[in-house]
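Before any comments, here is the structure.
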Amino acid sequence: MMHGKMNSWKAVGNFTVRTGFYYLRVASIGQCWVPITQLHTSKTRLLIGGKGKDYGKEEKKLIVTQEQYFDDVKEKRKLNKKSFQEAISKYIYRESKLRRGHVEFINAAMARMDEFGVSKDLEVYKALFHVFPKGRMVSKNLWQIEMRHFPKQQDCGIDILVKMEKNSVIPDDDLGHLIVSIFGIRSHVMRRYQRMMYWMPKFKNLNPYPMPIPLPENLRELACIALRRMCPDYENKVDIYEAGDLENAIDKTFVASAQSPKQKELLGHHPPGTALFVEGGYFVWLRDKCLTYFMLRGDTPENHAVRQQQETSKEDEELLESVPYFEEKPASSIVTRPSVHEQEDGIIMALSITGTSSKDSLVSWIKFLEKSNPHLADIPVVFKLRSPDVGLAPVDDTNKGESSVATR
């Protein structure tokens with residue numbers, strides 16, 4: 001395996017390298033010679049035996065401005081899947097043999113996927129893997145497998161799989177065969193693919209409240225999905241109103257309201273002289289979409305069943321500390337079990353999501369609730385609106401005819 005004289009070999013760290021022949025010896029193995037051409041990352045990055053050439057600058061000259069492919073398509077076509085695949089096809093046609101700068105092109109493509117709206121499309125990720133040259137980077141021995149043959153390209157392939165995982169895109173068998181043809185079955189990219197194929201289908205079916213794939217773009221449908229997921233009462237009913245149907249409506253947008261029969265019963269038993277509060281807005285996330293919701297809340301009475309249950313639980317904890325074996329058990333009161341709407345900080349009477357999340361739209365929501373809850377017309381309603389980022393802040397009340405106080 002050795003070529004030439006021993007004095008022509010140079011020691012580099014734990015390796016012994018001969019200039020021009022690209023062979024190395026691993027010190028821990030002894031006289032075991034392995035061709036260095038099977039260990040380097042790429043020809044342009046191989047600096048050993050470079051004969052004085054600056055391969056770093058040469059490699060930079062080979063890198064084309066890959067963003068230009070997508071900019072050209074952006075000027076001529078709409079930003080969609082077809083135009084994105086057209087930019088990939090142009091690069092493959094231009095670099096059909098050498099594939100110069102394919103890693104940089106893939107990184108530029110992944111940065112523009114959200115702009116083109118293709119970050120959740122499996123076919124687009126397959127097209128990105130087709131940019132890699134086939135057969136050149138397949139590991140052929142154990143050394144190449146463990147020392148990460150072509151690490152720059154393998155890191156790029158792993159980045160594609162990571163982006164797929166973040167966007168909840170589950171790979172298929174065709175993508176696995178494509179990775180094998182590019183990097184080999186024992187590559188680090190293939191290991192990442194195998195872990196994703198094992199775990200992601202399990203997590204996909206783990207949610208007891210699945211959402212449609214893909215999510216609808218209509219805000220009314222998104223509001224209905226969010227309100228159904230937030231309300232644990234199976235009898236909960238979601239209604240969609242149009243604020244324009246009311247007289248003197250200022251903000252003519254849609255109003256989605258969620259209320260169950262139990263909440264209507266609690267609202268009917270609410271004391272007329274005690275105020276109710278409209279609080280919000282709070283964030284609710286449906287995957288990558290964020291909505292703002294509001295709640296109609298009432299204070300919990302002091303003699304409410306929730307307080308009684310808390311006192312009963314404290315008594316039970318004290319009984320566990322000292323059990324009166326020879327004494328009579330203390331008298332316990334029988335209380336009604338609270339519903340899911342009766343929380344420690346108050347009673348939730350209804351939930352709502354509006355198109356603009358403005359105070360005027362919430363006023364319209366209260367007017368719609370008065371139609372199905374006539375008792376609400378005799379109860380004062382206080383608006384305590386706030387921004388989830390800045391907290392509470394006073395707001396000038398432009399509606400002088402209203403008796404409610406508005407803050408945000």
Side-chain angles (χ1 to χ4, degrees), residues 40-46 54-139 148-184 187-190 192-193 196 214 217 288:
H40 67 77
T41 59
S42 63
K43 292 182 180 180
T44 58
R45 295 177 63 88
L46 181 59
D54 191 351
Y55 282 92
K57 293 182 179 179
E58 183 177 344
E59 185 179 8
K60 291 181 181 179
K61 293 180 181 179
L62 295 176
I63 298 175
V64 187
T65 306
Q66 310 298 359
E67 293 281 348
Q68 190 65 32
Y69 288 99
F70 300 96
D71 294 336
D72 295 342
V73 173
K74 183 178 179 180
E75 295 176 357
K76 300 178 182 179
R77 296 181 177 272
K78 296 181 179 180
L79 302 181
N80 51 24
K81 176 182 176 181
K82 186 176 180 180
S83 59
F84 191 86
Q85 290 180 332
E86 181 180 347
I88 297 176
S89 300
K90 285 183 178 180
Y91 171 80
I92 295 177
Y93 177 77
R94 181 176 179 178
E95 300 291 343
S96 59
K97 294 182 178 180
L98 298 179
R99 299 292 172 90
R100 293 174 297 183
H102 60 274
V103 174
E104 288 75 15
F105 176 82
I106 293 174
N107 292 331
M110 287 194 294
R112 305 290 289 270
M113 291 183 72
D114 294 334
E115 182 182 355
F116 282 78
V118 293
S119 58
K120 296 183 180 296
D121 197 318
L122 178 60
E123 297 299 326
V124 174
Y125 289 101
K126 291 181 182 178
L128 290 180
F129 271 102
H130 277 291
V131 175
F132 288 106
K134 309 294 190 302
R136 300 181 188 177
M137 300 175 287
V138 178
S139 303
R148 299 189 65 192
H149 197 43
F150 287 88
K152 181 179 179 180
Q153 285 74 9
Q154 289 205 47
D155 289 342
C156 182
I158 292 175
D159 291 339
I160 299 176
L161 296 177
V162 169
K163 190 173 182 63
M164 291 178 60
E165 185 177 358
K166 288 183 178 180
N167 289 279
S168 302
V169 179
I170 300 178
D172 57 1
D173 294 337
D174 294 337
L175 183 60
H177 295 311
L178 186 59
I179 294 175
V180 171
S181 64
I182 299 172
F183 299 104
S187 61
H188 291 264
V189 185
M190 190 61 185
R192 177 77 185 194
Y193 163 80
M196 291 174 62
E217 297 295 335
D288 57 342

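Everything quoted here is computed from the prediction, not taken from an experiment.
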| field | ring pair (Phe, Tyr, Trp, His ring centres under 6.0 Å) contacts touching residues 154-183 (sequence neighbours left out) | value | Phe132-Phe183
| Heavy-atom closest contact (Leu128 atom, Ala109 atom, distance) | CD2-CB, 3.6 Å
| query | Would you call Glu123 and Lys81 a salt bridge, taking side-chain N to carboxylate O under 4.0 Å as the test? | reply | no
| Rounded to the nearest 0.5 Å, how far does OG of Ser187 lie from CD1 of Ile179? | 7.5 Å
| Between the side chain of Tyr193 and the main-chain N/O of Asp172, is any donor-acceptor distance below 3.5 Å? | yes
| Got a second to check how far Asp121's CG is from Asn80's CG, nearest 0.5 Å? | 11.0 Å
| message | Test side-chain contact (heavy atoms from CB on, under 4.5 Å) on Val103 and Gln153; report intermediate values, then the result. | response | CA-CA 6 Å; Val103 174; Gln153 285 74 9; 3.9 Å; yes
| said: Can a donor-acceptor pair be found, under 3.5 Å and without considering hydrogens, that links the side chain of Ser89 to the backbone of Gln85? | reply: yes
| query | Salt bridge between Arg112 and Asp71, side-chain N to carboxylate O under 4.0 Å? | reply | yes
| query | Listed by chain and number, what are the side chain to side chain contact (heavy atoms under 4.5 Å, CB included) partners of Glu86, not counting sequence neighbours? | reply | Arg77, Lys90
| task | Without swapping roles, check the side chain of Arg148 against the backbone of Gln154 for a donor-acceptor pair under 3.5 Å. | result | no
| field | Glu95 side chain reached by Val131 side chain, heavy atoms, under 4.5 Å | value | no
| field | Min side-chain heavy-atom separation Lys74-Ser83 under 4.5 Å | value | no
For residues 158-165, dump all side-chain donor-acceptor pairs below 3.5 Å to protein atoms at least two apart in sequence or in another chain.
unit_1: Glu165; atom_1: OE1; unit_2: Arg192; atom_2: NH2; d: 2.4

| said: Nearest 0.5 angstrom please: Asp114 CG to Leu79 CG, how far? | reply: 12.0 Å
| message | What I'd like to find out is whether the side chain of Phe84 reaches to under 4.5 Å of the side chain of Ile88, using heavy atoms alone. | response | yes
| message | Keeping Tyr69 on the side-chain end and Phe105 on the backbone end, is there a donor-acceptor pair under 3.5 Å? | response | no
| said: Tell me the closest heavy-atom pair linking Val118 and Val124, and the distance in Å. | reply: CB-CG2, 3.8 Å
| field | pair Tyr125-Ser119: side-chain heavy atoms closer than 4.5 Å | value | yes
| message | Within the structure provided, determine whether Ile92 and Arg99 are in side-chain contact (heavy-atom separation under 4.5 Å). | response | yes
| task | Find the distance between CG (Asn167) and NZ (Lys120) and round it off to the nearest 0.5 Å. | result | 4.5 Å
| remark: His149 and Ser139 have their tightest heavy-atom pair at CB-OG, 3.6 Å
| note | Closest non-hydrogen contact found for Pro171 with Leu122 is CA-CD1, 4.1 Å
| query | What is the distance from atom OH of Tyr91 to atom CZ of Arg100, rounded to the nearest 0.5 Å? | reply | 8.5 Å
| query | Distance from Leu178 atom CG to Asp173 atom CG, nearest 0.5 Å? | reply | 12.5 Å
| field | Heavy-atom donor-acceptor pair, Ser181 side chain to Lys134 backbone, under 3.5 Å | value | no
